[in-house]
Structures are given as C-alpha cells and as structure tokens.
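Since we're looking at a predicted model, the values are computed, not measured. Along the sequence shown, residues carry numbers from 1.
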Amino acid sequence: MPVVHFPPYRRLISFCVVLALVLAGISCSLLKREQEPVSSQPIPLTPVIWFSPSVTTAEVPYQDGCGEARSFALADALVGSVPKKLTGVFTAVTAQSQPDEPLASDGVVEVGVGLRRIELAVPKQTQGTYPAAATVGIEMVFLARDGTLLFSKKVEGTGHGMVAVGEQSCQVVGLEPIVQDAIDSAIEGLAQQTAQSVQIREYAAQKGTSVPMAAGPRPSAAAPTTEAVTSLPAVGETASQQLSVASTVPLKPAQLSFRAIIRDENQDQFLQPDESLTIEIEVKNEGMGEAKDVTVTAEGKAELAAVFPTEIQIGTLQPGEIKHTSITQRVTGSQEYLQGELTLNLQTNSPVTSVPPSKVFSFEAKPRVIDPALVPDVDNMPNFLAAFTQPKAVIISIGVGTFRDGEVPAVKYARHDAEVMAEYLRIIGGVPGERIRILLDRQALVRDLEDTFERWLRKKVDRETVVYVFFAGRALVEPGTGAISLVPYDGTPSEARQLYSLVRLQEVLYRLPIRRAILMFDVSMDPSPGAVLADIPSPAWESSVSEARKDVEMWMVGNRNLQEAHAYDEGKHGLFTYHLLRGLQGVADVDRDGTVIAGELCNYARGEAARVAREQFGNKQEALCVPGIGREGMVRIYPMARGNNPKPVPMPKQPNLPTDASGPAPDPRRIGP
C-alpha cells in the first residue's frame, strides 16, 4: 500500500479544513437545536381571561363624512376575539368579568388596550369610497395562580380596507371589518408569543406543585371604605414610604414601598368630561419575605362618578421584586365644579416590616360647560305653512310629569313637552282647535286616556285622517313579555287596571279607518314592582302589529330600554322631545329637498339624542324608529314639516367630469343612519 507524504503546509491546510467541517457540523447541530419550534400542542392550562377597564371603555375616534367627531367602540370586538384566539394556545380559557373574583386554579390572562387610531380622510359631504387604516395596540399579561408575572407583551395590529360615504348620510360604512382586522392581527401576534413562552410552559409542567391564592375575602391592615372612587386628580407623584403591620406568624417579613402617578390626558391638572385618565403604580418588596395578595385600594368623594375600581390587584411580590401596573379610564361628565381628594392605600395579607402612609392626591373636576346661548330655543314656534294644511288631522298630546301617587318619580318637562308639541303640530298643519286634545298631569287620568283614544278619537277620523299622538311621562315594562303600559296621573304601578297598555292603543288604531298615525313617545321606562330585573326582557316596542301596519303607523320612541330618559336642561325639554321639535323646525331635512318626512325626523332626533347623551351625560339613550330603514314602510315618507336645511354652495365641476354627474334620486324611505 503506497504511503503518500504531504508537505507540512499541506498538512496544516488539511487539518484546518477538517477542523472547519467539524465545527460547522457542531454549529449546524446547535443552530438546529436553537431553532426547534416550541411544541404546537396546546399548553395544558385553563386560565381565566380578565379584561381591564381600558378594554371595556375603549373607543377609537374618527371623523364622519360631515367632519363631525365620532367614535368606534372596541369592547365587543375585543371581548369576542381574545377567547377565540387563545383557545388554541391553552387547553381551555374562560372569561371572568370582575377583577376582584378569585383567580382560576391555572392563572390569569389579563388583557388591556393601548394605542388606537383610525386613519381616514373623507372630503366633507362628498359621496364615494375612500381608503382607511386602523391601528390597535393590545397588551397581554399572564399571571400564575400565586400572582407571579410569567409573561408580558405589547403588540400593535393594523387593518386596511375601503369605506363608503353615502350621498344622503354622513355615516362612514365599512370601518368595522378594518378595525376587526387590526384587533385580530394584534391578538394573533400575542397568541403566538404566548404559545412560545418558555416560562408559561415550565409553569404548566410544574403547576401541580404550586399553591393557589386564597379565594376568600382578604383581610386588610386598615378597614376598607365602601365609598366608590369618584374622580381622580390631575398630575401628581408621591415619594416611596415604608411601614409595618403586626404579625403573629413567625415568617420573614416583607418590606413594601410604592409610588403612584396620575396623569390626565391634556395634562392641565383638571379632570374634564370625556378625558382619558391614567394611574400608574409601582410596588417594590425590599424585605426578606414574600408579600402575597398585594392590593392598592382607592377612596374618593362619593359625589363624583367612579373612574377606577376601588381595588387594584398587584399580586405576589418576591423579595427584591418590583411590579408595575397601570389603568386608563375615561372621565364622565359632571354638572358642577367639584374639588376633592383621592387616597391610595397599600395592603397585603403577609407580614411586613412597616405600613406606608396613604398617598393623597388633591384634584379638581371641571363641569361640562355648555353655553345656553348656543342651544337653539325650540319654544319659538314655527310659521304657519299653507302647503301643509291638514284640516282632517287629529292631535292628541299627553304630558304627565307629576303623579297622584307620591312614590312615582316626577318627570321633568313632561307637561311642557306636551304643550309645545301640540302647538307645533297645530301651527305646521293648520289643524282646527276642535280636533286637538291636550291632557296634562291631573287631566290625564286613566279614564281620560280611555275616553280620548276609544271614544273621542273614533268620532273624529275617516280615511283621510292623520292621527298625531305624543306622550311624555313614565311607562312600565312587564316581566316575561316585555309588554309596555303608560302611567296616567292616577296610575298605580302595582295595579294593571290603573295603567293604559300600548297593546290596547295599537288595537284602537288598528280598528280605525285612518290614513296615517304618527306616534311619538319620550318616556322613562320602569320595571313592574317586585319584578326581578334579570327576568325582564327588552321593552316590546316592536310588535307583530307594527309590521302589518308599516305603511300606516310610524312610532318614534325616544328611549327603547329600561332606564330614565334624560332631561335636557339647556333646551328646557326632554332630550328626545327637544330634538323632535328642533327637527320640525326644518333641520331634519337631511336630503335638503325642502320637506321633513317622518323617517328623516325620527332618524335626526334619534342620532342627536344619542350624541348628547354620550357627550354630556356619559351614557346611552337609545331611540327607536318603527318601521326602520329597509322595511319599505310608506309611512316613513309622510311629510311632517317644511325643510330648513339649505344646500351648500355647489363646488365647480372639474373639466374632465361629465356635465351631469348626478345619480338616480335617493329613496326617501332609506334616509338615515
């Protein structure tokens, strides 16, 4: 066998090549091991999902086709999407609404929302389709069942698409799927990172050896207050302090300190309606022992609406550990100037070396300022309109603001609403006085309603008659059926025979040979006495009779839900009634054809009442129009008043546009949002 001799430099080269190949093999082996994907199998945990207050109140602002500020609520999309996306990550997940409920045995996934933005440029009052983009930032935290933080990530998702703006509406159509894409994108990114978390998978493998948090009530070093947190200060920060709680357990004590910062959105150190407010808390354990069930409680003036939960959970802190948490909430409107203090207290179930003194913040809340001079006076009656003369029309206007039964709450402006509405309809339609019946307070006994609807009205109508019915006051909702009954002056909520049911009114109208019936209700909705709220369905405003009579009857309901209808003090009327009257002055003429039709009037009053309730009162008042858009109800196009909503000055046409770019005339039955 021949022997080959290599020169020394060739032996060196050969050695280097062999060494490089060996190292390359090792490197590839290590690289493969590092890039091995995390198991695609679901993590064997069944955590609970908690949605922070930033989710339940999250809205993203944008401008509609008329340049008005609008907002898109994110809560439903987030609450619906998060459990779906996490179902494949864990064995199972469940949603839990209240953060003060006990932790699930396998831990908690806490979800919050941060950045939210809609990018949309729509030329004012210009029909067409336009590109839009949405960005939503979501934060997800995983806490072990003892409160230990195992995972924390923030991801931003984006969505893109096209939206449309109609010719007769300012509404932007098509935002929902774009925002949903942004939410899904962010949640999918968080779900993937959660599934790849080594800490969570190690925790899942060891979960049988950990000790769950106590589910019972937590004792505290200081007696907690039952007052709700009302409003919070502007910008403030307090120094960390140390303290002690006596303990009989021979364990190493924790040594806790905490800092708190509260920021208002515009940083002017005043709380204003609809302003975002953020509280940031940092808690540190500098002691030798573990601190369990650490919470920060908040106390404030009871006169202000609650902004933050009364208890903020921090969890468990190991020796030397620091935890941060933040909560963002929107401030509700106040009707008066308020001053007060917010007090934060740190509490734990574990022995500690000292108890820090409370952190106290001074704050001021500005009321919602509305210049009455900017609110049009609807008590100035419109002019007589000969073109709308209705000598055969009938007007029934009822306002019950006080009651014989002192236990029934009064309804502000109900009497005034009925008086002004009757005069409006009389002037606009030139209705003769003998065809008008007005029932106010003591004149609106149950027998008066029966006589008016079931005897007097029958003598006044024929096939050319238009019946106008207006009612301001209170109504009761029956459990089980949702049936609605109007409350007369002598009405007793506990006695059905002292009420006047809407079914009875519908049957009366159904039997009459009339051309149209326009019914307007501005009522506060109460449950029947003794009824369990959970057993009461939605008030049954829409019935089978409504569908059968969609060409004859138009129902304008200012408050479709079980709640108080708002009084609009600036306008000196009920909120819905004010905007009905304002619409009858002509501004409800959305298509600017010179006529306010029934569908336009209801849609205008519904939208404006909802906007004012949201902006001024910080809650909802949802109105209802029956028949609704798309039901092809001929009654929707019935003329109600002369329009007073002039068309804008037309823009000059571009040279490359045809001389007549107008499309077919809009269907007035489909006008409205």
J.: Salt bridge or not for Glu59 and Arg70, using N-O below 4.0 Å?
T.: no

J.: Evaluate the ring planes of Phe521 and Trp541, with Trp represented by its six-membered ring, and classify them as parallel (under 30°), tilted (30 to 60°) or perpendicular (over 60°).
T.: tilted

J.: What is the minimum heavy-atom distance between Asp451 and Arg437, and which atoms define it?
T.: OD2-NH1, 3.0 Å

J.: Among side-chain atoms of His573 and Asp379, is any donor-acceptor pair under 3.5 angstrom?
T.: yes

J.: Applying side chain to side chain donor-acceptor pair (under 3.5 Å), name anything that partners Gln390, two or more places apart in sequence or on another chain.
T.: Tyr468, Tyr638

J.: Just so I know, are the side chains of Leu624 and Glu542 near enough to count as touching, which here means a heavy-atom distance under 4.5 Å?
T.: yes

J.: Mind listing the closest non-hydrogen atom pair of Lys572 and His416 along with its distance?
T.: O-CD2, 3.3 Å

J.: Is the ring pair Tyr578/Tyr568 parallel, tilted or perpendicular, if the boundaries are 30 and 60 degrees?
T.: perpendicular

J.: Could you tell me which non-hydrogen atom of Ile183 sits nearest to which non-hydrogen atom of Ala77, and how far apart they are?
T.: CD1-CB, 3.6 Å

J.: What distance separates Gln506 CD from Trp555 CH2, expressed to the nearest 0.5 Å?
T.: 4.0 Å

J.: Looking only at the side chains, is there a donor atom on one of Ser485 and Glu478 sitting less than 3.5 Å from an acceptor on the other?
T.: no

J.: Checking Asp417 side chain against Gly574 main chain: does a donor-acceptor pair fall under 3.5 Å?
T.: yes

J.: Would you say that Leu499 contacts Val487 through its side chain, given a criterion of any heavy-atom pair below 4.5 Å between the two side chains?
T.: yes

J.: Enter the distance from Leu440:CG to Arg442:CZ here, rounded to the nearest 0.5 Å.
T.: 12.5 Å

J.: Has the side chain of Asn559 got a donor or acceptor atom that lies under 3.5 Å from a matching backbone atom of Val523?
T.: yes

J.: To the nearest 0.5 angstrom, please state how far the NE2 atom of His579 sits from the CG atom of Leu601.
T.: 12.0 Å

J.: Using a 4.5 Å cut-off on heavy atoms from C-beta on, say whether the side chain of Arg504 contacts that of Glu450.
T.: yes

J.: Measure the shortest side-chain to side-chain distance between Gln498 and Pro493 over non-hydrogen atoms and say whether it is less than 4.5 angstrom.
T.: no

J.: Which atom pair, heavy atoms only, marks the closest approach of Thr402 to Tyr489?
T.: O-CD1, 3.1 Å

J.: Kindly compute the distance separating OG (Ser524) from CG (Asn561), expressed to the nearest 0.5 Å.
T.: 12.0 Å

J.: Is there a side-chain contact between Leu425 and Ile518 (heavy atoms, below 4.5 Å)?
T.: no

J.: Give me the atom names and distance for the closest heavy-atom approach of Ala133 to His160.
T.: CB-ND1, 3.5 Å

J.: Does the side chain of Gln585 pick up a donor-acceptor pair with the side chain of Tyr424 at under 3.5 Å?
T.: yes

J.: Rounded to the nearest 0.5 Å, how far apart are CE of Met525 and CG of Leu476?
T.: 8.5 Å

J.: Roughly how far apart are Arg636 CZ and Ile597 CD1, rounded to 0.5 Å?
T.: 7.5 Å

J.: Flag the pair Glu564 / Asp526 as yes when at least one side-chain heavy-atom distance between them is below 4.5 Å, and no otherwise.
T.: yes

J.: Using a 4.5 Å cut-off on heavy atoms from C-beta on, say whether the side chain of Tyr604 contacts that of Arg582.
T.: yes

J.: Applying side-chain contact (heavy atoms from CB on, under 4.5 Å) to Met556 and Phe576, what does each step give before you reach the verdict?
T.: CA-CA 10 Å; Met556 306 181 189; Phe576 185 67; 4.2 Å; yes

